[in-house]
Number of protein chains: 2
Amino acid sequence: MKVKELADAAGVNPDTVRFYTREGLLRPVRNPDNNYQHYDAEDLRRLRFARKSRRLGFSLPEIRQILERADDQHSPCPMVRDVFEHRLAEVEREITELQELRTRMISALSAWQDMPDGTPDGHTICRLIEHWDDPSAPPCCGEQTS
Amino acid sequence: MKVKELADAAGVNPDTVRFYTREGLLRPVRNPDNNYQHYDAEDLRRLRFARKSRRLGFSLPEIRQILERADDQHSPCPMVRDVFEHRLAEVEREITELQELRTRMISALSAWQDMPDGTPDGHTICRLIEHWDDPSAPPCCGEQTS
DNA sequence: CTAAAACCTATGACCAACTCACAGGTCAAA
DNA sequence: TTTGACCTGTGAGTTGGTCATAGGTTTTAG
Ligand SMILES: [Zn+2]
Ligand SMILES: [Zn+2]
Ligand SMILES: [Zn+2]
Ligand SMILES: [Zn+2]
């Protein structure tokens, strides 16, 4: 298979195939006549495996490690389980962060409901933002929450 | 104020001050004697404004636009409200995506509960991943969900 | 007075996972 | 034979900083 054939077979961009090849996830054989890369069914399996792993949240270095372990006839399963649990925790942390951002945004929006638009006077840039109380920021000059 | 003084006053990295300066968010005056940048209280206000805006989800180009509008004595408020609503929608889309990823991961974890670790045999890389049914992937070779 | 510490400058690389543009070589069908 | 589709490698762009490097300046301490 040539690059585009492999890419079409896996439903990815040909540039992704070239990128994964540079990253060492695929191992084509080069045709010395025309300098083309030649991929086989094994590469298609590796590519599909890599895409499936990406959808599960694995990074490219992690996928490369898994493939290398499998190439060495060692079971990647324990590593897969371990990495995966860490990734799940990280995803949940990202979700929490984004939900906190969403909470900040919604509280800002509701506070802005009744505020009129202002014209900058050299003292203020935008009251909407400057007068917004960031719940996650430390208190500053003389402002007390109690 | 010099770079580090401004950075300390705003609680950011001095490199962030230099970066924001290159990006046009801060406008220091250069001392021709030693080539140092000199920031004033206005720059501190702009820097604090930028940081607050970042915590609200604004991008640097958006913040620059807001500052430029304010410099022109035009009210940035309508733009702020508009950009903000789009950003909120985007954040909610990102949350949904991450929650879907989390769902995929948890369903994979529970499916892996009873699966034994396997050794690669040249036909399989890692059964955990390869035999995982991606709910968001289109059906492939002969696999039927019904 | 001098030497070291702490600061300043600009430039460029780095992160993640691709995607795209470019310039030049190869191969198929018309 | 001339298109057109494909291949090659390289380098830039994405986002918001952070860090490294090399060299110049200012402050502080001895
Ligand atoms: Zn496995
Ligand atoms: Zn205050
Ligand atoms: Zn405003
Ligand atoms: Zn199948």
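So you know, we letter chains A, B, ... as the sequences are listed, proteins then strands, and number each from 1. Bear in mind that the values here come from a model prediction, so they are computed numbers and not experimental data.
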Engineer: Using a 4.0 Å heavy-atom cut-off, write out nucleotides 24-30 of chain C from 5' to 3' as B (base contacted by protein), S (sugar-phosphate only) or - (no contact).
Structural biologist: -BBS---
Engineer: Will you find, in the side chains of Arg51(A) and Tyr20(A), an N or O donor that is under 3.5 Å from an N or O acceptor?
Structural biologist: yes
Engineer: If you round to the nearest 0.5 Å, how far is CZ of Phe58(A) from CE of Met105(B)?
Structural biologist: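 So the gap between those two atoms works out to 7.0 Å.
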Engineer: Tell me: CD of Glu62(B) to P of dT15(D), nearest whole Å?
Structural biologist: 10 Å
Engineer: Phosphate oxygens OP1/OP2 of dG16(D): is one of them under 4.0 Å from a side-chain N or O of Arg51(B)?
Structural biologist: no
Engineer: Check each residue of residues 6-29 of chain B for a non-hydrogen atom within less than 4.0 Å of any atom in DNA chain C, then write out the ones that pass by number, or none.
Structural biologist: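 The stretch gives Arg18(B), Arg22(B) as the residues lying under 4.0 Å from the strand, ordered by number.
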Engineer: dT25(D) P sits how many Å from Arg30(B) CZ, rounded?
Structural biologist: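 My rounded result for the distance is 13 Å.
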Engineer: Would you mind checking if Asp15(A) and Arg18(A) are paired as a salt bridge, meaning a charged N to carboxylate O distance below 4.0 Å?
Structural biologist: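 Looking at Asp15(A) together with Arg18(A), the answer is yes, because their closest N to O distance falls below 4.0 Å.
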Engineer: Rounded to the Å, how far apart are His38(A) NE2 and dT8(D) C1'?
Structural biologist: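 Rounding to the nearest Å, NE2 of His38(A) and C1' of dT8(D) are 17 Å apart.
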Engineer: Flag yes if Tyr36(A) and Val3(A) sit in one hydrophobic cluster, no otherwise; membership is Ile, Leu, Val, Met, Phe, Trp, Tyr, and two members link when side-chain heavy atoms are under 4.5 Å apart.
Structural biologist: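 Different hydrophobic clusters.
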Engineer: Rounded to whole angstroms, how far apart are CZ on Arg64(A) and C1' on dA16(C)?
Structural biologist: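 Atom-to-atom, Arg64(A) to dA16(C), this comes out as 12 Å.
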Engineer: Check this for me, if you would: do Lys52(A) and Glu130(B) make a salt bridge, where the nitrogen-to-carboxylate-oxygen distance has to be below 4.0 angstrom?
Structural biologist: no
Engineer: Send over the distance from Asn35(B) CG to dT25(D) C1', rounded to a whole Å.
Structural biologist: 11 Å
Engineer: Identify which nucleotide among dC7(C), dT9(C), dC7(D) has an atom closest to any side-chain atom of Lys4(A), counting heavy atoms from C-beta outward.
Structural biologist: dC7(D)
Engineer: List the atom of Ala50(A), the atom of Ile63(A), and the distance in Å for their closest heavy-atom pair.
Structural biologist: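 Nearest heavy atoms, Ala50(A) then Ile63(A): O-CD1, 3.6 Å.
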Engineer: Whether Glu5(A) and Lys2(A) form a salt bridge (side-chain N of Lys/Arg under 4.0 Å from carboxylate O of Asp/Glu) is what I want to check.
Structural biologist: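 No salt bridge links Lys2(A) with Glu5(A).
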Engineer: Check the distance between dC6(D)'s C1' and Asn31(A)'s CG and give it to me in whole angstrom.
Structural biologist: 14 Å
Engineer: Is it true that a side-chain atom of Asn35(A) and a backbone atom of Arg30(A) form a donor plus acceptor pair closer than 3.5 Å?
Structural biologist: no
Engineer: Compile the donor-acceptor pairs under 3.5 Å between side chains in residues 78-88 of chain A and protein atoms, sequence neighbours left out, one pair per line.
Structural biologist:
{"residue": "Arg81(A)", "atom": "NE", "partner": "Asp117(B)", "partner atom": "OD1", "Å": "3.0"}
{"residue": "Arg81(A)", "atom": "NH1", "partner": "Trp112(B)", "partner atom": "O", "Å": "3.0"}
{"residue": "Arg81(A)", "atom": "NH2", "partner": "Met115(B)", "partner atom": "O", "Å": "2.6"}
{"residue": "Arg81(A)", "atom": "NH2", "partner": "Asp117(B)", "partner atom": "OD1", "Å": "2.9"}
{"residue": "Arg87(A)", "atom": "NE", "partner": "Gly57(A)", "partner atom": "O", "Å": "2.6"}
{"residue": "Arg87(A)", "atom": "NH2", "partner": "Gly57(A)", "partner atom": "O", "Å": "3.4"}

Engineer: Measure the distance from CD on Glu5(B) to C1' on dT26(D) and round it to the nearest whole Å.
Structural biologist: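 After rounding, the reported distance stands at 12 Å.
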Engineer: Using whole Å, report how far CG of Leu60(A) lies from C1' of dC18(C).
Structural biologist: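 Nearest whole value for this atom pair: 8 Å.
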